[in-house]
Amino acid sequence: MDDTTPSDPDPDDDPRRARRPRRRKALIALFAIGCLVAVGGILTDRYLGSLEEAYEKRSVVSLDRGASDGERPAEAAGDGQNILLLGSDQRATAEAAAQGVSGQRSDTMMLVHLPADGSEAYVTSFPRDLYIEIPGHGQDRINAALSYGGLSLAVNTVEDYTDTPIDHVALIDFEGITGLVDTLGGVDVQVPESFERDGMQFTEGTQHLDGEEALVFARERKQLDEGDFARNRNQQQLLKAIAGELLSGDTLSSPGTMRDTMAALSPYLTTDEGLDSRTIVRLGVENRNLRSSTLHFLEAPHGDPYTTAGGASVVASDEEGMEELRTALEEDTMDEYAAEHAD
């Protein structure tokens, strides 16, 4: 088949510019969904209704799963939960046309594993250009699945590749970052390298960022000495700052802040029909002991970037490494896996 995806990335996104999996623009907002899942247990019946009203602004889709995809055997019911988080760079119509982009691109793809004991959470990121089998479409970049077949195919692709059932999926537009950070009153971020962009100055050291500044901070790479490598570090710093705010005592004890945070994200969110507000609360209760210190960030095993015969820039898979990850997910031993592989 053709080695290009339905929506090819621009040349600046060549994976050889960054060998680490890309945490793209949408990642910050995606991570917030994971945090909200973790802290949903603080909600009481007294204001559950207001949460539902805010959360139900999201879009809902029914997943079309294959016969063997997404089926969780009864004996595996206690083996934790797996939630697939996708970030779609859904550009404005005019911008997309100018750049020759069509459809949705899952620029960010993360698998969140919540162990059965609710003690930790493990977030595994996949390179957007990982070259694997897309069911029904042959080999292609993993982010092509969303373009080819929407959320259903994206879920089935990750299930097949990880040999792991996905319980829920959430897709978010990166523009949700701005409202999220502003709802939290801004965040204090450790800026690794000074730079200026769009009239905003980012100075090395701790800096308080509002929503607009946070979005620019997470996007920028051209002004940074190490390009994509530096952008990845910036995004990680922003993640830590947001996690600290979302899981702080002040936020957890404020029903209004939690409701407003959900309301800020919901318009940018699409989920499977099973991931409703009551499921969020149930998952929160089960994982109520999570804090920012118990969130672990991992990279899916992968090989080196290379160019296919058709000229597409892709990232090679690593089957030996993936077998180790698959076993950890299946046996709910991500704690041991993370101890060896966490950043």
Side-chain angles (χ1 to χ4, degrees), residues 1-27 30 61 63-70 82 84-91 96-97 99-111 124-166 169-174 228 270 299-323 325-326 329:
M1 64 170 292
D2 186 6
D3 287 317
T4 60
T5 66
S7 43
D8 291 320
D10 61 46
D12 288 334
D13 283 336
D14 188 324
R16 284 170 290 191
R17 293 179 181 268
R19 291 174 179 263
R20 297 170 64 84
R22 298 170 184 274
R23 295 183 170 96
R24 302 282 296 190
K25 306 156 185 136
L27 181 136
L30 282 169
V61 297
L63 297 182
D64 179 17
R65 297 179 183 270
S68 62
D69 292 324
N82 298 302
L84 182 64
L85 303 180
L86 302 173
S88 175
D89 189 1
Q90 300 188 70
R91 307 175 186 187
Q99 298 186 28
V101 173
S102 61
Q104 301 181 73
R105 302 188 306 170
S106 52
D107 281 349
T108 299
M109 180 175 288
M110 300 188 297
L111 180 63
T124 302
S125 297
F126 294 82
R128 54 169 283 180
D129 294 325
L130 187 66
Y131 202 55
I132 66 169
E133 188 75 16
I134 307 295
H137 296 274
Q139 281 223 297
D140 213 324
R141 299 182 181 99
I142 194 171
N143 76 334
L146 188 64
S147 294
Y148 281 134
L151 287 184
S152 293
L153 186 57
V155 168
N156 291 341
T157 297
V158 175
E159 284 182 332
D160 285 357
Y161 187 59
T162 62
D163 197 23
T164 299
I166 304 299
V169 61
L171 169 73
I172 192 164
D173 180 351
F174 71 87
D228 283 333
T270 301
E299 300 176 354
H302 62 85
D304 293 330
Y306 71 99
T307 301
T308 68
S313 297
V314 299
V315 173
S317 60
D318 175 2
E319 277 303 305
E320 183 177 348
M322 279 303 301
E323 278 304 310
L325 175 60
R326 290 165 186 148
L329 288 167

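- Ring planes of Tyr306 and Tyr131: perpendicular class, angle over 60° (limits at 30 and 60°).
- Residues Tyr161 and Asp318 approach most closely at OH-N, 4.3 Å, considering heavy atoms.
- The closest side-chain heavy-atom distance from Leu111 to Ile166 is below 4.5 Å.
- Counting only heavy atoms from C-beta outward, the side chains of Val169 and Val158 never approach each other to under 4.5 Å.
- How far CG of Leu85 is from CG of Leu171: 10.0 Å, rounded to the nearest 0.5 Å.
- For the pair Met109 and Leu86, the tightest heavy-atom approach, listed with the atom from each and the gap, is CE-CD2, 3.6 Å.
- The minimum heavy-atom distance between Ala154 and Ala145, with the atom names listed, is CA-CB, 3.9 Å.
- Atoms OG1 and CG, on Thr164 and Leu325 in that order, are 7.0 Å from each other to the nearest 0.5 Å.
- Formation of a donor-acceptor pair under 3.5 Å by the Asn82 side chain with backbone atoms of Pro165 is found in this model.
- The CG atom of Asp163 sits 9.5 Å away from atom CG of Leu329, with the distance rounded to the nearest 0.5 Å.
- Scored by the side chain to side chain contact (heavy atoms under 4.5 Å, CB included) test, Glu323 finds Glu319, Arg326 as partners (sequence neighbours excluded).
- One distance of note links CD of Gln139 with OG of Ser317; it measures 7.0 Å at 0.5 Å rounding.
- With hydrogens and angles ignored, the 3.5 Å screen pairs a side-chain donor or acceptor of Arg141 with a backbone N or O of Ser313.
- Counting heavy atoms from C-beta on, the side chains of Met110 and Ser125 come closer than 4.5 Å.
- Residues Leu151 and Leu146 are in side-chain contact: their nearest non-hydrogen atoms beyond the backbone lie under 4.5 Å apart.
- Between Asp140 and Tyr148, the closest side-chain pair of non-hydrogen atoms falls below 4.5 Å.
- Between Thr157 and Pro135 the shortest heavy-atom distance is OG1-CD, 3.3 Å.
- Taking NE2 of His302 as the reference point, atom CD1 of Ile142 lies at 12.0 Å (rounded to 0.5 Å).
- Rounding to the nearest 0.5 Å places OG1 of Thr162 at 9.0 Å from CD1 of Ile132.
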